[in-house]
Amino acid sequence: MSPEVCPHCGADVPRNAKACRECGADEKTGWSESAHASNLNLPDEDFDYGNFVKAEFGAGGLKPAGLHWLWWLTAVILVVLFLIFCLH
Ligand SMILES: [Zn+2]
């Protein structure tokens with residue numbers, strides 16, 4: 001039987017799946033043993049960290065760069081508006 005959540009990467013694993021779609025872990029590579037070790041050592045912390053990473057960087061890294069560019073544009077617009085306001 002496959003676990004509902006991969007103990008290696010925290011990804012959702014379909015019940016009939018023979019291997020994890022994300023990291024490729026399966027019964028042969030011993031995700032059952034890893035699940036026991038993970039439950040004993042790090043019950044929730046490891047799982048939450050995996051979800052956090054996926055939520056933050058799931059877009060492929062394009063979002064932070066776009067956000068950075070947008071902040072620079074906003075800063076320039078604010079400076080220009082401030083200069084125009086002062087000159088009048
Ligand atoms: Zn996995």
Side-chain angles (χ1 to χ4, degrees):
M1 292 297 291
S2 60
E4 294 184 0
V5 177
C6 176
H8 284 274
C9 65
D12 293 333
V13 179
R15 291 185 178 181
N16 294 331
K18 294 181 179 179
C20 174
R21 296 174 298 176
E22 298 296 330
C23 68
D26 57 15
E27 296 180 7
K28 292 181 180 178
T29 57
W31 64 8
S32 298
E33 295 179 2
S34 298
H36 283 294
S38 180
N39 288 335
L40 289 174
N41 295 331
L42 300 173
D44 294 325
E45 189 174 356
D46 195 38
F47 176 76
D48 290 338
Y49 180 74
N51 273 354
F52 172 78
V53 171
K54 288 189 69 175
E56 288 294 317
F57 304 104
L62 294 176
K63 189 175 180 181
L67 190 65
H68 182 69
W69 177 83
L70 193 62
W71 275 113
W72 270 110
L73 180 64
T74 302
V76 171
I77 291 173
L78 287 176
V79 170
V80 171
L81 291 176
F82 180 75
L83 290 176
I84 292 173
F85 177 78
C86 289
L87 290 176
H88 279 283

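Counting from 1, the numbers follow the sequence of the chain as shown. Indexing begins at 1, ligand by ligand and atom by atom, following the structure's order.
A donor-acceptor pair is defined here as one N or O able to donate and one able to accept, closer than 3.5 Å; no such pair exists between the side chain of Arg21 and the backbone of Pro14.
Here the angle at the Zn ion (ligand 1) defined by SG in Cys6 and SG in Cys20 stands at 110°, rounded to 10 degrees. Vertex the Zn ion (ligand 1), arms ending at SG of Cys23 and SG of Cys9: the angle is 110° after rounding to 10 degrees.
Inclusion of His8 in the first shell of the Zn ion (ligand 1) is not supported: no N, O or S atom falls under 2.8 Å.
In the hydrophobic clustering of this structure, Leu70 groups with Ile77; members are Ile, Leu, Val, Met, Phe, Trp, Tyr whose side-chain heavy atoms approach within less than 4.5 Å, directly or through other members. Placement of Val79 and Trp69 in two distinct hydrophobic clusters is found when ILVMFWY residues are connected by side-chain heavy-atom separations under 4.5 Å, directly or transitively.
Clustering of Ile, Leu, Val, Met, Phe, Trp and Tyr side chains at separations under 4.5 Å places Ile84 together with Val76, Val80.
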